[in-house]
Engineer: 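Have a look at the structure that comes next, please.
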2 protein chains.
Amino acid sequence: MSIKDIAKLAGVSASTVSRVVNQRQYVKPEIRERILALVKQTGYVPNNAARSMVLKRTFTVGIVIPDTFNMFQRELFSIIEHHLEGFGYRTSFFFVKWEPESEMKCLRKLKGEKLDGIIMIHEVSHPEFYEYLTASSLPVVLCTFDRPELEFLSIHVNEEEGARAATQHLIELGHRRIGLLSGSYFSFAAQRTVGYKAALEAAGLAFDEGIVERAPSYSAEEGRDGMRSLLSRAKGLTAVFAETDELAIGAIRTLFEAGLSVPGDLSVVGFDDIDICAFLSPGLTTVRQPIHEMGKKTAELMSALIAGELAGVDSTTFGFELIVRESTARPRA
Amino acid sequence: MSIKDIAKLAGVSASTVSRVVNQRQYVKPEIRERILALVKQTGYVPNNAARSMVLKRTFTVGIVIPDTFNMFQRELFSIIEHHLEGFGYRTSFFFVKWEPESEMKCLRKLKGEKLDGIIMIHEVSHPEFYEYLTASSLPVVLCTFDRPELEFLSIHVNEEEGARAATQHLIELGHRRIGLLSGSYFSFAAQRTVGYKAALEAAGLAFDEGIVERAPSYSAEEGRDGMRSLLSRAKGLTAVFAETDELAIGAIRTLFEAGLSVPGDLSVVGFDDIDICAFLSPGLTTVRQPIHEMGKKTAELMSALIAGELAGVDSTTFGFELIVRESTARPRA
DNA sequence: TGAAGTTCTGAAAACGTTTGCAGATAACGT
DNA sequence: ACGTTATCTGCAAACGTTTTCAGAACTTCA
């Protein structure tokens with residue numbers, strides 16, 4: 001069912017059908033109605049491929065996201081998609097593994113799609129990826145991370161300050177020996193670690209590598225394993241700061257298995273405030289990123305970038321919020 | 001950077017470039033190498049839109065999934081995507097709300113994309129949606145549900161038997177008053193309810209509407225609220241069967257808030273075995289769907305359907321597995 | 001030497017759209 | 001009645017590919 005079929009049925013040319021479908025110029029009301037009726041009746045929808053060929057835009061923005069995306073990222077892209085739709089853009093997802101091979105495959109796909117813009121939800125490892133983005137002069141927005149040395153717009157929170165606040169919360173409760181459950185790859189891991197150290201330092205506490213565990217990734221499973229390792233070698237811990245909620249959940253599991261109570265024996269803080277935090281038992285104390293505002297802003301920036309409305313378009317650092325629930329308490333006397 | 005640019009650079013016609021890129025027919029080795037070098041150097045990738053116009057296929061299959069997709073569905077589509085990629089297909093996601101309007105919007109998008117096939121991960125409410133799928137004679141696979149009255153292939157587990165097994169597990173532990181936390185919309189809710197009733201009946205226990213709570217959807221939040229309602233009006237409960245893990249998680253949260261212990265005071269069983277079940281404290285007893293096999297089979301079916309290899313292509317009912325963790329125990333004497 | 005392949009290459013058409021241009025008709029003001 | 005403008009419509013080109021067809025150049029073989 002193509003535009004020509006509709007044209008034939010309506011006894012007009014394809015141009016005319018195109019004009020009514022796209023609401024362009026003058027079309028005699030009578031003919032317009034006839035065509036509209038035919039469109040509705042046949043369920044005709046223009047072929048995107050053909051359309052994008054002549055218009056040289058796809059009205060589609062690509063979202064690149066790790067294939068291991070967590071619930072925070074999942075919610076984030078739903079929000080972004082929603083707002084992008086409001087601006088008239090479709091969304092295409094690209095799930096990529098933390099492997100050069102996967103990233104290059106993703107890059108090929110991106111190129112083939114001829115997208116109008118690209119939103120990166122989290123980083124990639126291969127420099128060629130960013131090089132292409134720069135060279136292509138495509139609209140790009142980095143969401144939840146930044147690469148200040150590259151010239152991309154970025155939407156993010158101050159990771160360092162967030163981690164600092166989380167750690168400080170534990171210190172204020174009276175904790176002195178606070179373990180760190182860190183992640184890998186992504187730059188926020190390093191940034192959150194910096195914040196953890198800063199809080200320690202501000203309180204006059206020494207940073208001790210012996211109570212730091214660096215997990216290979218960010219899953220609950222790795223949080224569980226990391227905490228096991230930590231528990232076996234770091235004695236005297238009364239609290240743990242996990243750099244993501246998933247790591248925290250895994251850590252709590254290990255504590256449960258070891259017969260330790262949270263927050264009775266150990267306090268735990270996470271980061272991100274994924275949905276499930278509020279429904280855990282105990283509820284997880286964590287650092288909330290303003291996910292709705294961030295997603296909205298990301299879509300707005302992208303839309304402005306595509307439209308070439310560069311006034312007022314700039315990177316934004318959002319504030320975070322420490323959400324205190326039940327997984328943190330004063331250390332046992 | 002189009003095929004013509006490459007052709008010009010190589011001093012040949014576009015046809016020849018096309019032939020080497022697609023590895024067709026004879027091309028003089030010397031020229032082939034020259035073109036290949038140019039392709040690598042320029043990073044040329046064929047334009048999908050143009051390609052799909054002439055080939056009349058997109059090598060893309062659409063996956064329709066509720067925008068509230070849970071972790072089970074999230075994992076499922078990752079698996080499907082992975083296998084589909086192995087068959088040479090791209091994947092395009094369509095997140096749809098349980099609202100006619102959203103579904104119709106999705107339908108328009110599907111039509112515009114000219115997909116090679118469509119995988120439905122969960123149901124839609126608007127009959128017109130299925131009507132289009134039927135009328136279009138597109139390859140369609142329903143994954144995790146079935147519509148026997150329609151002629152689509154389907155991959156699913158026996159929901160009824162799964163729920164029956166979950167309930168029976170509670171009965172065998174000695175529970176007699178087992179609440180039900182049910183969901184809405186999707187047909188599996190009704191099927192799981194039937195299984196619950198069947199187990200009760202088989203054990204000679206009466207079905208009691210008074211200890212059934214029907215949540216408006218399937219989120220942890222709704223599980224929490226549903227359990228609150230159940231707790232206030234259904235006295236004497238010693239166990240609850242929640243029709244999804246998320247409902248179960250919410251239910252456990254309510255129990256925690258009420259100062260009741262799981263499984264000490266109440267046993268809880270879920271359904272699906274989403275990733276997090278094993279990391280909760282206590283770990284959630286649940287019914288596992290063989291998600292990897294189901295995803296693989298779905299991709300295989302789709303691939304066969306598109307290729308027209310209809311031999312051996314048929315719906316499959318997969319077995320489930322009761323995973324007993326720590327959220328269920330004998331009732332307190 | 002010539003006929004019959006085999007290997008290689010390019011011109012052109014096609015896919016489904018949109019749009020500039022030009023032509024046709026209608027409406028209007030004088 | 002006539003020029004001017006406003007309204008309407010279709011033709012044809014273009015977008016970036018793939019593929020059929022035909023023809024050219026080279027091999028092979030009698």
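We name chains A, B, ... by the order of the sequence lines, and we start the count at 1 in each one. Note that these values count all heavy atoms, side chains included, but never hydrogens, waters or copies made by symmetry.
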Engineer: In whole angstroms, how far is the C1' atom of dC8(C) from the CD1 atom of Ile35(B)?
Structural biologist: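 Roughly 12 Å, once rounded to whole Å.
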Engineer: Once you round it to whole Å, what is the distance between P of dT7(C) and CD1 of Ile31(B)?
Structural biologist: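 For the pair Ile31(B) CD1 and dT7(C) P, the rounded distance is 16 Å.
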Engineer: Among the nucleotides dG10(C), dT18(D), dC15(C), which one has an atom lying closest to any side-chain atom of Lys56(B)?
Structural biologist: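 Ranking dG10(C), dT18(D), dC15(C) by closest atom to the Lys56(B) side chain puts dC15(C) first.
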Engineer: Classify the side chain of Ser15(A) versus the base of dT18(C) as yes if they form a donor-acceptor pair under 3.5 Å and no if they do not.
Structural biologist: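 Not at all, since no donor on one side and acceptor on the other fall under 3.5 Å apart.
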Engineer: In whole Å, I'd like the distance from the CG atom of Leu55(A) to the P atom of dT17(C).
Structural biologist: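 Value for this atom pair: 12 Å.
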Engineer: Given atom CD of Glu113(A) and atom P of dG16(D), what is their separation to the nearest angstrom?
Structural biologist: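 Going from CD in Glu113(A) over to P in dG16(D) covers 16 Å.
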Engineer: Atom NZ of Lys28(A) and atom C1' of dA24(C): how far apart are they, to the nearest Å?
Structural biologist: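 That distance rounds to 11 Å.
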Engineer: Does a nitrogen or oxygen in the side chain of Asn47(A) sit under 4.0 Å from OP1 or OP2 of dC15(C)?
Structural biologist: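 No, no such contact exists.
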Engineer: Let's go through Glu113(A) and Lys109(A) carefully: what are the C-alpha distance in whole Å and the side-chain angles of both, what is the deciding distance for salt bridge (charged side-chain N to carboxylate O under 4.0 Å, His left out) to 0.1 Å, and is it a yes or a no?
Structural biologist: CA-CA 6 Å; Glu113(A) 297 279 359; Lys109(A) 285 188 190 171; over 6 Å; no
Engineer: Just wondering, do Leu142(B) and Leu150(B) contact through their side chains at under 4.5 Å, heavy atoms?
Structural biologist: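 No, too far: nothing below the 4.5 Å cut-off.
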Engineer: In whole Å, I'd like the distance from the CE atom of Met53(B) to the C1' atom of dA13(C).
Structural biologist: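 Distance check: Met53(B) CE to dA13(C) C1' gives 13 Å.
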Engineer: The side chain of Val12(B) is closest to which nucleotide in this list: dG10(C), dT9(C), dG16(D)?
Structural biologist: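 Of the candidates, dG10(C) comes closest.
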Engineer: In whole Å, what is the span from the OH atom of Tyr26(A) to the P atom of dA27(C)?
Structural biologist: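 So the two atoms are 15 Å apart, to the nearest Å.
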Engineer: Closest nucleotide of DNA chain C for Val54(B) versus for Val27(B): which of these residues is on the 5' side?
Structural biologist: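 Closest to the 5' end, via its nearest nucleotide, is Val27(B).
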Engineer: For Arg19(B) and Ala50(B), find the nucleotide of DNA chain D closest to each by heavy atoms; which residue's nucleotide sits nearer the 5' end?
Structural biologist: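 First, find each residue's nearest nucleotide; the 5'-ward one identifies Ala50(B).
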Engineer: Check this for me: does any side-chain nitrogen of one of Lys296(A) and Glu300(A) sit under 4.0 Å from a carboxylate oxygen of the other?
Structural biologist: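 A salt bridge links Lys296(A) with Glu300(A).
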Engineer: Taking only side-chain N and O atoms of Ser13(A), does any of them lie within less than 4.0 angstrom of OP1 or OP2 on dG10(D)?
Structural biologist: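 Yes, within the criterion.
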Engineer: Tell me whether the side-chain N/O atoms of Ser18(B) come closer than 4.0 Å to OP1 or OP2 in dT18(D).
Structural biologist: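 Checking Ser18(B) against dT18(D): at least one side-chain N or O falls below 4.0 Å of OP1 or OP2.
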Engineer: Report the C-alpha distance between Gln289(B) and Thr144(B) in whole Å, list the side-chain angles of each, state the deciding distance to 0.1 Å, and finish with yes or no for side chain to side chain donor-acceptor pair (under 3.5 Å).
Structural biologist: CA-CA 9 Å; Gln289(B) 302 198 42; Thr144(B) 66; over 6 Å; no
Engineer: Would you call the rings of Tyr218(A) and Phe186(A) parallel, tilted or perpendicular if under 30° counts as parallel and over 60° as perpendicular?
Structural biologist: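 Answer is parallel, since the angle falls under 30°.
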Engineer: Given atom CZ of Arg24(B) and atom C1' of dT20(D), what is their separation to the nearest angstrom?
Structural biologist: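 Arg24(B) atom CZ is separated from dT20(D) atom C1' by 13 Å.
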